[in-house]
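These notes concern the structure reproduced below.
Keep in mind that this is a model prediction, so the values were computed, not measured. Order of the sequence lines fixes the chain letters, A, B, ..., with proteins taken first and strands second; residue numbering starts at 1 for each chain.
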2 protein chains.
Amino acid sequence: MTKQRRVVYSILLENRDHPTANDVFRRVQREMSTISLATVYNCLDALSKHGLINQVNFDREPSRFCVNPAPHVHFRDTRTGVIHDIAFKEGCQITDLLDLPDGAEVSELELTISGDLPANP
Amino acid sequence: MTKQRRVVYSILLENRDHPTANDVFRRVQREMSTISLATVYNCLDALSKHGLINQVNFDREPSRFCVNPAPHVHFRDTRTGVIHDIAFKEGCQITDLLDLPDGAEVSELELTISGDLPANP
DNA sequence: ATTACAATTTAGAATTATTCTAATTAGGCC
DNA sequence: GGCCTAATTAGAATAATTCTAAATTGTAAT
């Protein structure tokens with residue numbers, strides 16, 4: 001854990017709005033003006049590899065980053081663009097619903113959903 | 001449906017191995033040597049928009065294209081790199097497993113899985 | 001047929017998120 | 001302090017995709 005990684009991580013914890021690498025860069029710059037974009041990428045990568053954060057991809061848009069450690073999927077509200085974390089219902093295994101070949105071992109699983117959320121009154 | 005779109009589509013039907021746009025380009029060139037890469041992108045986009053094919057994204061790798069019209073998800077065998085179509089079990093709705101907010105309406109859903117498949121003897 | 005029009009294709013340039021490179025800096029340990 | 005490794009930095013490079021503007025095609029009307 002270097003100073004830079006700590007700052008990047010704390011920025012992510014501070015505002016869990018699934019920022020892009022560039023968003024993170026701009027936020028981190030405010031409190032560590034000498035940081036470089038490459039470092040932000042390095043940090044995000046390191047944090048990802050150590051399982052502290054998740055990299056979230058919607059189609060081919062810029063990757064976004066998520067500090068939620070619990071297993072969950074992502075729902076993008078097409079009206080607002082906001083990405084929501086969606087948890088699984090109790091004791092549900094997505095792979096139970098799939099016709100996976102015998103012996104298949106899942107190591108990574110990414111589920112992204114786009115749709116409309118009812119307006120919040 | 002232009003000549004180019006027809007060729008792109010037929011190439012995809014011919015070999016359902018989830019090729020990238022560039023793969024498609026190279027294959028199409030063999031029977032229509034004047035086609036351009038931009039056209040292949042245009043065609044893939046047009047076919048996608050009309051629901052004839054699906055664009056498949058694994059993380060930030062180049063997009064791949066899939067002619068399987070049935071609802072399914074994608075499993076990449078990490079050993080061979082091959083992408084397999086995985087169907088849902090009878091009458092299964094993935095969203096049933098999720099804690100979606102009331103009234104959420106799903107318009108798109110992409111599920112990608114990476115893992116190991118047992119070696120085929 | 002010929003013209004007119006819109007949509008598509010083409011070649012190449014432009015874009016952009018991300019990765020790479022090489023040099024510098026920082027931190028830990030003797 | 002000096003040494004060593006890993007991390008950071010700035011900037012260049014990469015690569016998939018998109019954009020642009022000109023040329024082509026197909027179609028419908030005259």
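- The CG atom of A:N54 sits 12.0 Å away from atom CG of A:L44, with the distance rounded to the nearest 0.5 Å.
- Applying the 4.0 Å criterion to OP1 and OP2 of D:dT9, one finds that A:Q4 has a side-chain N or O inside that range.
- B:S10 meets the side-chain hydrogen bond (donor to acceptor under 3.5 Å, both in side chains) test with no other residue; sequence neighbours excluded.
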Do nucleotides 15-29 of chain C as a string where each nucleotide becomes B, S or -: B if the base has a protein heavy atom under 4.0 Å, S if just the sugar-phosphate does, - if no protein is that close. --SBBB------S--
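- At whole-Å resolution of the value, NE2 in A:H50 and P in D:dA6 are 13 Å apart.
- Residues satisfying the salt bridge (charged side-chain N to carboxylate O under 4.0 Å, His left out) criterion with B:E61, sequence neighbours excluded, are B:R76.
- With rounding to whole Å, B:K49 atom NZ is found 11 Å from C:dT8 atom P.
- Per the geometry, CG belonging to A:D59 stands 16 Å off C1' belonging to D:dT18, to the nearest Å.
- Partners of A:L97 by side-chain contact (heavy atoms from CB on, under 4.5 Å), not counting sequence neighbours, listed by chain and number: B:C92, B:I94, B:L97.
- At whole-Å resolution of the value, CE in B:M1 and P in D:dT27 are 14 Å apart.
- Listed by first and then second residue, the salt bridge (charged side-chain N to carboxylate O under 4.0 Å, His left out) pairs that reach into residues 99-119 of chain A are A:R79-A:D116, sequence neighbours excluded.
- Residues satisfying the ring pair (Phe, Tyr, Trp, His ring centres under 6.0 Å) criterion with A:H84, sequence neighbours excluded, are absent altogether.
- One atom, CG of B:L44, and another, C1' of C:dT8, lie 15 Å apart when rounded to the nearest Å.
- Among the protein residues, B:T2 comes within range of the sugar-phosphate backbone only, with heavy atoms under 4.0 Å from sugar or phosphate atoms but none that close to a base.
- When rounded to the nearest whole Å, the span between CG of B:N42 and C1' of D:dT17 equals 11 Å.
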